[in-house]
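Here's the structure, in structure tokens; my notes come after.
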Amino acid sequence: MRATAFYGRIYVSFRPPRAVDSLLAVNGRVMLEGDRGRVERACRELECEEVDIDRGVGLPGFIDAHMHLSGLAIQDSGVDLRGVDSLDELRRRVKEFLERHPNVTAVLGRGWDESRLRERRPPTSADIDDVAGDRPVMLIRVCGHAAVLSSSAMRRVDLRGLEDYIDIGPDGRPSGLVREGAVIRALRQLEPPPEEYMTYVAEEARRLALQGVTTVGFMNVPLKLMAGLTSQPLPLRLRLYLDADSVGLLESLGVAGGFGNDLVRVMGLKAFADGSLGARTAYLSEPYSDDPGNRGRPLLSPEELRSLLARASRLRLQVAVHAIGDAALDVVLRGSEGLRGWLRVEHASLVRDDQLPALSGLRVAVQPMFEVDDLPWIHKRLGQRVRWAYRFKSMISAGAVVGLSTDAPVEPADPWTTLSAAVNGVEGVGERLSVAEALDAYTRGSAEVLMDRDVGSLEVGKMADLIIASGDPLEVEPGELGKLRTLATYLGGSGVQ
């Protein structure tokens with residue numbers, strides 16, 4: 001029997017905030033909380049490990065409801081293009097990576113954003129071919145909804161059937177720029193071998209756990225990682241969402257929602273109703289203010305969504321649907337009627353007033369850092385419609401179950417940065433949450449979005465996933481939230497090293 005006792009100020013939950021002075025974890029779950037004398041007596045009987053929280057405060061571990069763990073691994077193990085401000089700088093980073101990794105088979109990178117480039121345009125094959133040479137190179141936009149492939153990469157991947165998502169240059173030939181479904185298809189063909197890939201994923205999992213994240217909704221899980229994920233213990237809980245086109249495979253195998261164990265479970269499928277605001281591919285009900293001939297495009301019809309939900313529901317699988325634009329949300333709401341128990345909505349970045357009542361009871365994963373990073377261009381994209389953007393508080397008031405997430409690597413994976421953004425935000429975009437509301441959404445709310453009853457608080461019977469924070473987030477000034485740090489992480493009562 002494995003037992004750990006924690007003594008100090010420990011928040012059990014945040015709706016409303018409730019703190020205790022002690023907690024006892026036995027075999028990974030909370031057995032007692034509060035009543036220090038009783039915990040101490042039980043601890044003597046069990047000969048348990050004792051942890052004094054004398055440097056900070058105990059909290060339930062953060063639950064990131066929506067993250068691309070494999071994408072984060074690619075960004076940190078490949079070419080990091082965050083902050084690139086010119087095509088010359090992009091080329092330089094690719095060249096330096098190739099010099100450091102002369103034996104790499106395919107080069108993957110992520111993080112460029114044409115709005116931050118001096119040239120104000122996306123890169124093309126012509127920009128990177130002389131640097132790439134014969135080695136395939138794929139560089140993904142920060143949002144994950146567009147990528148540039150070198151000519152050698154374009155020759156290697158099979159994108160048949162996705163011609164609508166391949167950009168054609170002035171010469172009538174593919175420019176190397178691909179979007180939406182073509183990005184995922186190309187990535188799946190260029191990703192590292194499974195064993196190497198798992199090494200990168202394991203490194204990211206440990207890094208996340210030490211930052212205070214104890215459960216992750218892992219979106220668009222590559223099939224080649226499934227064997228490793230289910231056999232290699234990682235220091236955080238993973239709730240897996242496979243690409244939507246994996247539904248046939250799951251049906252043939254009879255894999256139902258919840259398949260797995262306390263650490264790793266298959267929970268659902270991930271589908272896309274549209275793209276991103278940054279790439280102007282999010283589906284809007286009216287054209288973009290800075291691109292009057294374009295309102296994005298739907299990637300999923302109501303009928304296709306209904307069929308997917310019906311198939312998934314028979315296996316008790318959730319369907320997580322990416323919907324950023326308000327018209328994409330219309331598609332999701334129409335296509336999910338009668339099947340919303342198996343639906344979760346990802347992002348819901350733009351929600352009209354008339355759509356709010358329809359969110360009652362829906363699970364929604366939102367990303368507070370979006371409003372921070374979108375500030376340089378969102379007013380140009382949306383004009384007066386910016387008032388519909390990032391309506392976290394209105395969603396909660398409408399009865400939606402809201403969970404917080406980072407969508408990493410789109411945004412930083414650090415939970416304290418996300419918590420600060422949810423509370424402080426930016427002037428003129430989105431809605432603020434109180435600290436207690438944000439903590440509740442980042443723990444209990446995210447657990448409900450993931451349909452996981454074992455995590456989200458430190459109440460008796462829950463998993464003993466506890467972090468020790470450097471300060472009390474309910475007592476520091478809101479502007480100081482982003483400076484807090486996780487001093488220690490315990491998963492199921494055991495310390496993460």
Checking Arg2 against Ser494: is there a side-chain donor and acceptor pair closer than 3.5 Å? yes
So disulfide bond (SG atoms under 2.5 Å apart) across residues 36-82, not counting sequence neighbours, yields Cys43-Cys48
Value for OH (Tyr197) from CD (Glu191), rounded to nearest 0.5 Å, stands at 3.5 Å
Short N-O contact, Asp454 and Arg237, less than 4.0 angstrom:
no
Inset, instruction - Answer yes or no on whether Arg385 is positioned over the face of Trp388, meaning its NZ or CZ is under 6.0 Å from the six-membered ring centre and within 45° of the axis. - result: no
Between Leu117 and Ser86, the two heavy atoms sitting closest are CD2-N, 3.5 Å
Exactly one of Val401, Val319, Leu450 clears side chain to side chain contact (heavy atoms under 4.5 Å, CB included) with Arg344, and that residue is Leu450
**Electrostatic pair Arg92:Glu89 at N-O distance under 4.0 angstrom** = yes
| request: For Arg18 and Glu459, run side-chain contact (heavy atoms from CB on, under 4.5 Å): C-alpha distance rounded to whole Å, both residues' side-chain angles, the deciding distance at 0.1 Å, then the answer. | output: CA-CA 10 Å; Arg18 183 168 72 87; Glu459 297 166 312; 4.0 Å; yes
Notebook entry, point to check: Is the closest basic N to carboxylate O distance between Arg110 and Asp80 below 4.0 Å?
Noted result: no
Exactly one candidate in Met67, His68, Glu204 meets side chain to side chain contact (heavy atoms under 4.5 Å, CB included) with Val216; the answer is Met67
Check: Is any side-chain N of the basic residue among Asp452 and Lys462 closer than 4.0 Å to the acidic one's carboxylate O?
Finding: no
In this structure, OG1 of Thr214 is separated from CE of Met463 (nearest 0.5 Å) by 10.0 Å
Under a 4.0 Å N-O cut-off, is there an ion pair linking Arg444 with Glu448? yes
Closest heavy-atom pair, Pro60 versus Val12, reported as atoms and distance to 0.1 Å, is CG-O, 3.6 Å
**Q.** Salt-bridge contact Arg207-Glu203 (side-chain N to carboxylate O under 4.0 Å)
**A.** no
For this session: For the residue pair Gln367 and Ser405, confirm or rule out a side-chain donor-acceptor distance under 3.5 Å.
Result: yes
Is there a side chain to side chain donor-acceptor pair (under 3.5 Å) between Trp342 and Ser336? Walk through the geometry before answering. CA-CA 9 Å; Trp342 299 102; Ser336 63; over 6 Å; no
Scanning both residues in full, the closest heavy-atom pair of Ser276 with His145 reads CB-CD2, 3.9 Å
